[in-house]
Amino acid sequence: MTINARTTLTSFVVNGDPQEVSVTGAQTLLNVLREDLHLTGTKCGCNQGICGACTVLCDGMPIRACLALAMVVDGRDILTVEGGKTDPVLSVVQQAFVETGAVQCGFCTSGMIMSATALLMRKPSPDRQEIREELSGNLCRCTGYAKILDAVALAASRLPIQESAT
Amino acid sequence: MTTHTPNLKAVKIAGGVATNQRHDSAHKHVTGTAVYIDDMPEPAGLLHVGLGLSNVTHGTLKKVDLSAVRAAPGVVDVLTYADVPGENDVSPSGMHDDPVFAEGKVQFHGQPIFAVVARTREEARRAARLAKIEYGELPAVTSIWDLDPEKDKQVTTPLTLTRGDAAAAIAAAPRRLKGRMKLGGQDHFYLEGQVSLAVPGEDDEVLVYCSTQGPSETQHLVSHVLGVPSHAVTVEVRRMGGGFGGKETQANQCAAIAAIAAKKHGRAVKVRLDRDEDMTATGKRHDFAIDYEVGFDEEGRILGVDFMFALNAGFSADLSGPVGDRALFHCDNAYFYPAVHAKSAPLYTNTVSNTAFRGFGGPQGMVGAERVIEEVAFAVGKDPLEIRKLNFYDAIGVAGERNLTPYHQKVEDNIIHRIVAELEESVSYARRRREIAAFNANSRFVKRGIALTPVKFGISFTKTESNQAGALVHVYADGSVHMNHGGTEMGQGLHLKVAQVVAEEFQIDLDRVKITATTTAKVPNTAPTAASSGADLNGMAAQDAARQIRKRLTDFAAEKYQVPVDQVVFLPNRVRVGNQEISFDALVKQAYLNRIQLSAAGFYKTPKIHWDRSKGRGHAFYYYAYGAACSEVSIDTLTGEYVVERADILHDVGRSLNPAIDLGQIEGGFIQGMGWLTTEELWWDGKGRLRTHAPSTYKIPLASDRPKIFNVALTDWSEAYEPTIHRSKAVGEPPLPLGISVLQALSDAVASVADHKISPRLDAPATPERVLMAVERLKAQAAKA
Ligand code: FES
Ligand code: FES
């Protein structure tokens with residue numbers, strides 16, 4: 001057994017459900033989501049914090065689950081791509097991605113959707129330029145981004161227009 | 001999806017061919033329920049693998065001490081070449097030059113030497129670092145740039161294409177020029193890395209879930225490595241998180257390692273490469289050195305051309321022979337060369353073995369053609385677009401002489417004139433060219449450029465036996481349909497298109513057709529999903545299967561209801577038999593009760609094609625796909641930074657099976673092609689180490705890099721000249737070289753600093769650094785002149 005094997009009990013909420021997981025010091029949130037909670041919608045594209053495939057929301061802010069240590073999210077509220085039923089903005093974004101054909105291989109999709117959801121939570125009616133910039137932290141190798149940007153614009157058009165308080 | 005009641009009054013089925021349909025898995029991708037191999041529930045006792053990679057570029061393995069690796073926590077086993085039960089080789093070309101594990105020597109930095117099998121991936125990876133390896137370093141070749149394509153070592157036999165006497169034509173031409181172009185490679189950067197999960201079965205059996213574009217090839221190589229017959233190995237894949245050619249042969253090594261470990265330990269084993277391992281240890285698009293010499297007249301009409309396409313094969317043959325061939329097959333792009341001599345040289349280097357990548361050498365050939373056109377245009381002082389049009393092959397229906405390719409195939413279906421004319425018109429090319437000139441005259445540092453480039457892309461595998469496909473269709477007694485075929489899904493919507501074909505054949509709604517995972521157990525001996533051929537081949541095979549069943553149903557209905565067969569008509573979700581209508585489901589049920597076989601295997605082989613490599617002659621392609629793109633860029637001449645202001649594409653997919661899917665392929669292909677030629681730079685240091693092995697250093701296009709204005713349209717008037725599946729055309733690869741328009745537009749912008757008097761000879765990838773260098777070079781040359 002290595003030193004990393006010592007575990008800590010961490011509790012947080014995922015998609016509305018309280019979870020309690022014993023995690024090791026080096027274990028990432030991505031690992032806990034995928035391995036312990038079997039929420040495999042969040043993908044590992046690079047494991048280096050660059051590609052954005054592992055993006056989830058932590059208290060409404062987008063984070064890279066491959067970099068975030070699981071211990072650090074203790075007490076936080078996590079939203080993943082599986083949480084469409086619990087979050088109205090996410091479900092609007094999901095629907096828009098389906099309708100615009102923004103999905104090809106789908107491997108970037110959950111991260112894209114979470115980044116887009118974070119943007120729309122913060123700013124329900126962003127312009128094209130803001131969408132492009134906000135999504136530039138998420139790599140997609142298939143689509144050329146055209147339909148992804150269309151999807152986010154469509155989702156924005158369906159959300160009630162109000163700037164969030166934060 | 002399951003509660004559907006078919007509409008028995010419908011005029012048209014829901015989801016037939018030539019309609020916009022959403023990707024069948026889209027609703028699962030957006031909710032995270034689409035399962036990739038790494039998402040599958042893990043079998044109990046699953047073991048994981050970490051690779052031990054070479055630390056030198058070329059050397060003998062003097063001593064390999066793995067004792068510390070074996071002793072590390074969690075380690076179950078360490079595998080080397082000695083653990084390979086069959087042959088230690090995954091060469092797809094039968095050259096026996098692609099070891100699973102290095103044996104005696106290593107030939108590139110990052111070559112797998114051993115594999116650690118451990119309880120967790122982290123333990124496996126950590127342990128892999130503890131190896132003590134003594135190398136006897138040997139001299140290494142890491143670039144082709146200084147190699148002699150005629151004399152230096154090649155990994156396989158090169159190809160020569162000859163038509164007419166190019167040397168004489170060039171010598172006799174009023175004008176001549178020659179040059180050399182450097183063209184970089186490209187990492188696939190599929191978002192899902194290489195992954196395989198092997199589950200041992202009884203006796204010699206093993207089931208491998210593998211993210212592979214070629215399940216039959218993976219099956220074949222796993223059986224070869226295990227030393228068992230193919231029937232013992234089943235390979236299955238439901239979907240990949242991107243492939244782009246990078247999972248054609250490159251998937252096989254992981255599959256083989258997983259299978260070896262699984263059989264040895266009687267436990268399931270997963271091999272999933274980390275991004276840096278993946279980028280270091282798997283092959284990429286070939287970089288090329290292109291030498292050209294061209295003779296032309298004062299108008300800019302090409303009279304003769306001579307090409308040498310030297311490609312960086314890496315340390316083994318892999319697919320480098322055929323990739324070099326396809327470069328030659330596309331060294332004409334859309335242009336007629338009255339006399340041509342073209343040669344390939346797949347050169348050996350001490351780098352990872354390069355492989356298939358969307359376009360498979362074709363785009364490299366076309367970049368060479370476009371460079372020649374550009375050089376001729378500068379030489380005669382005309383807009384490159386004029387030179388392009390002047391040199392096009394004859395249009396379809398023209399009984400001229402200018403229609404023979406360098407490989408002696410007649411171009412019969414050429415629609416490039418119309419495509420280019422329509423695009424030129426719709427983008428207001430002439431007006432914008434004038435506006436750009438005016439802009440450049442008034443702008444000191446920012447310069448604009450524009451280019452409109454054509455694409456003609458040959459469709460078919462040049463390896464004749466790959467042009468076959470199989471499908472398996474079952475109709476269950478309730479009228480629902482199970483569809484399977486040899487093609488694989490990597491996001492391109494292949495399964496959806498084939499399901500549309502099956503739905504159309506039975507005249508049932510698309511959601512009555514179940515899409516299922518590709519497996520060698522259902523459809524054997526299939527071609528890899530490559531060469532853009534997926535829908536062409538598998539659509540035809542599935543149609544054949546469906547037609548067999550439909551015929552049995554027709555015969556059955558005719559006999560049962562005592563009507564002639566031509567009075568049995570398949571209408572949407574129902575069948576008219578004589579003057580009564582009966583639902584498809586009810587007819588199927590009756591057929592079942594009457595013991596009619598409701599399952600069929602379908603087959604297809606592409607007609608008409610033949611290719612004699614030794615003579616360099618044949619009808620290599622069933623047909624061509626065409627397209628054109630017009631790109632406008634602006635460059636900052638002080639920094640070399642640039643922006644793609646606008647891109648417009650008009651592309652031919654014949655009569656599209658699914659326009660929505662095809663548009664997505666075109667958009668994605670263009671951006672991927674643009675990335676290859678602009679920002680994606682692979683860089684090996686002097687020691688042969690790949691330094692751009694992570695997304696932080698290797699720059700694929702981001703959302704912010706895409707053209708500010710981006711218009712993509714299909715030629716809604718075109719249909720395949722040959723009887724392809726519903727007269728559609730392939731769409732996977734042809735759009736990628738549309739990205740050449742960006743390189744040419746950058747070149748045009750660079751040329752403006754010397755008043756378009758000097759050919760910029762901008763090499764690729766045209767990174768900002770390279771653009772800046774070209775600007776400086778042209779300014780200096782202009783000052784001297
Ligand atoms: S997997 Fe986390 S950013 Fe790529
Ligand atoms: S859809 Fe494949 S990476 Fe985005």
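Letters A, B, ... mirror the listed sequences (proteins, then strands); counts begin at 1.
- Interface residue B/Q665: backbone and side-chain heavy atoms are both found under 4.5 Å from chain A.
- Taking a cutoff of 4.0 Å between a charged side-chain nitrogen and a carboxylate oxygen, A/K43 and B/D38 do not qualify as a salt bridge.
- Minimum interatomic distance between A/G106 and B/H29 (heavy atoms only, all atoms of both residues): CA-ND1, 3.5 Å.
- Contacts of residues 12-21 of chain A with chain B at a heavy-atom distance below 4.5 Å are absent; not one residue qualifies.
- Looking at B/R275, its side chain does come within 3.5 Å of a backbone N or O of A/G45 through a donor-acceptor pair.
- Between B/Y190 and A/C142 the shortest side-chain heavy-atom distance does not fall below 4.5 Å.
- A heavy-atom distance below 4.5 Å is not found between the side chains of B/L702 and A/R132.
- Looking at heavy atoms from C-beta onward, A/Y145 lies out of side-chain contact with B/D705 at the 4.5 angstrom threshold.
- The shortest non-hydrogen separation linking B/F189 to A/L139 is CE2-CD1, 3.8 Å.
- Nearest approach of B/G32 to A/E82, heavy atoms of both residues: O-OE2, 4.1 Å.
- The two atoms that bring B/R272 and A/C44 nearest to each other are NH1-SG, 4.0 Å, heavy atoms only.
- In summary, A/R141 and B/E680 engage in a salt bridge, as defined by a charged side-chain N under 4.0 Å from a carboxylate O.
- With a threshold of 4.5 angstrom between heavy atoms, B/P707 approaches chain A through N, CA, C or O but not through any side-chain atom.
- Across all non-hydrogen atoms, the minimal contact from B/I700 to A/C140 is CD1-O, 4.3 Å.
- To the nearest 0.5 angstrom, B/S704 atom OG is 13.5 Å from A/I131 atom CD1.
- Within 6.0 Å of CE in A/M61 there are 12 or fewer heavy atoms belonging to other residues, nucleotides or ligands.
- Close approach to chain B, defined as a heavy atom under 4.5 Å from one of its heavy atoms, is seen in A/Q94, A/F97, A/V98, A/E99, A/V103, A/Q104, A/C105 of residues 92-105 of chain A, taken by number.
- Inter-residue side-chain proximity for A/V81 and B/V30 is flagged as unmet; no heavy-atom pair is nearer than 4.5 Å.
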